[in-house]
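A short worksheet on the structure shown next.
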Amino acid sequence: MLNHNFRLLTDLFNYTTIRASHIFHCSVGSEWQFNDYCHNFNRIYVVLDGSAKLFNDTENITMLPNNIYIIPANHTYSCRCDEYMEKFFFHFTATIIPQQDLLSDINRIITLPISDDEILSLREILYSENIKSALLLQNCVRSLILQIIEPSADKIERDIAVYLKYKKLYKYIEDNLYADISVAEVCRHIGFSQTYIGQKFKADTGSTIKQYITSAIVERLRYLLLVTTLSIGDISKELHFDSESYCSKFFKKHVGISPSEYRNIHKVAM
């Protein structure tokens, strides 16, 4: 008999794309204060020493050692350190279907325990400078992420089924994600009529191919604004917008504020 759980784990390993960024180890003091903070990526904090607070209208959490704190993407919160905190943290996205994070349905901060032995191992990795430690850190990060998304088994199975059905479409869009990409071009490449694949895609995903492409371009813009120092002009050129002005108008139409406003408001909080 086929082991269903093992097959799910294998699929999860094969089809999940985990992108980690802004991996840091640092200490902060009373300067670490941010209000109504929100990002389109997930954040993980591992408290090594000291304490701080995470809070919003419904949550008030004291961050303490021996715990891992996971803040899902698009979850608004504030943070404050009154005295001192040493932390290891990173930002990440975990997707099967591009642009659809596996934690997107979670609307609360998740707290998980971490043992003294795990803290000690993490410290040894962080203070080492050899390549082996870098690989161990990579494995540690991936292990934490998989632990977090494991309870979402039903969503994972649905996402894998949709991804495999439209794998060629997703891959082409991902590789050619520019402002001048067209639905007709995508359909031509994958070998289906625009009407046929458009109806199937809408039925299975709830959005049109055009809506998916637009959403993907918006997310790419948000990502580049947050994790690079590229000028808005350079970003617009990289994504094949006709002009910086058109890029800004496109972004404001879908996000509600200009790219420069978005970058200033959502500066990366360490």
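Predicted model, so just to flag it, every value in this text is computed and none were measured.
For H75, there are no ring-ring contact (aromatic ring centres under 6.0 Å, His included) partners at least two apart in sequence or on another chain. For Y166, the ring-ring contact (aromatic ring centres under 6.0 Å, His included) partners are F201, not counting sequence neighbours. Not a single salt bridge (Lys or Arg N to Asp or Glu O under 4.0 Å) links D242 to another residue, sequence neighbours left out. Not counting sequence neighbours, the partners of T195 by the side chain to side chain contact (heavy atoms under 4.5 Å, CB included) test are S193, Q199. Taking K202 as the reference, T208 meet the side chain to side chain contact (heavy atoms under 4.5 Å, CB included) condition, with sequence neighbours excluded. F55 meets the ring-ring contact (aromatic ring centres under 6.0 Å, His included) test with no other residue; sequence neighbours excluded. Taking the side chain to side chain contact (heavy atoms under 4.5 Å, CB included) definition, one finds that A179 meets it with F241, sequence neighbours left out. Scored by the side chain to side chain contact (heavy atoms under 4.5 Å, CB included) test, T58 finds N56 as partners (sequence neighbours excluded).
A salt bridge (Lys or Arg N to Asp or Glu O under 4.0 Å) check over residues 61-82, counting only residues at least two apart or in different chains, returns the pairs R80-D82. Applying the salt bridge (Lys or Arg N to Asp or Glu O under 4.0 Å) test to every pair with at least one member in residues 203-225, sequence neighbours left out, gives these pairs: K165-D204, E174-R220, E219-R222. Note on residues 178-189: no pairs pass salt bridge (Lys or Arg N to Asp or Glu O under 4.0 Å), not counting sequence neighbours. For residues 105-124, no pair satisfies ring-ring contact (aromatic ring centres under 6.0 Å, His included), with sequence neighbours left out.
Under the 3.5 Å distance criterion, the side-chain polar atoms of N42 are matched with a main-chain donor or acceptor of F92.
The aromatic rings of Y262 and F251 lie perpendicular to each other, with more than 60° between the two planes, well past the 30° mark. In this pair, F41 and H91 present their aromatic rings parallel. The plane angle is below 30°, not in the 30 to 60° band. Ring geometry for Y163 against Y170 counts as parallel: the plane angle stays under 30°, on a 0 to 90° scale with 60° as the upper cut.
Counting heavy atoms from C-beta outward, S248 and S258 have side chains that stay 4.5 Å or more apart. The closest side-chain heavy-atom distance from I71 to Y77 is below 4.5 Å.
In the displayed structure, E83 atom CD is contacted under 6.0 Å by at most 12 heavy atoms of other residues, nucleotides or ligands.
In this model, no donor atom of one side chain and acceptor atom of the other lie less than 3.5 Å apart for T93 and T95.
Cluster membership check: L169 shares its hydrophobic cluster with Y196, using side-chain heavy-atom separations under 4.5 Å among Ile, Leu, Val, Met, Phe, Trp and Tyr. One hydrophobic cluster, built from ILVMFWY side chains closer than 4.5 Å, holds both V227 and I217.
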Let me see the working for V186 and I213 under side chain to side chain contact (heavy atoms under 4.5 Å, CB included), right down to the final yes or no. CA-CA 10 Å; V186 174; I213 291 172; 4.2 Å; yes
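Ring centroid separation for the pair W32 and Y45 comes in under the 6.0 Å cut-off.
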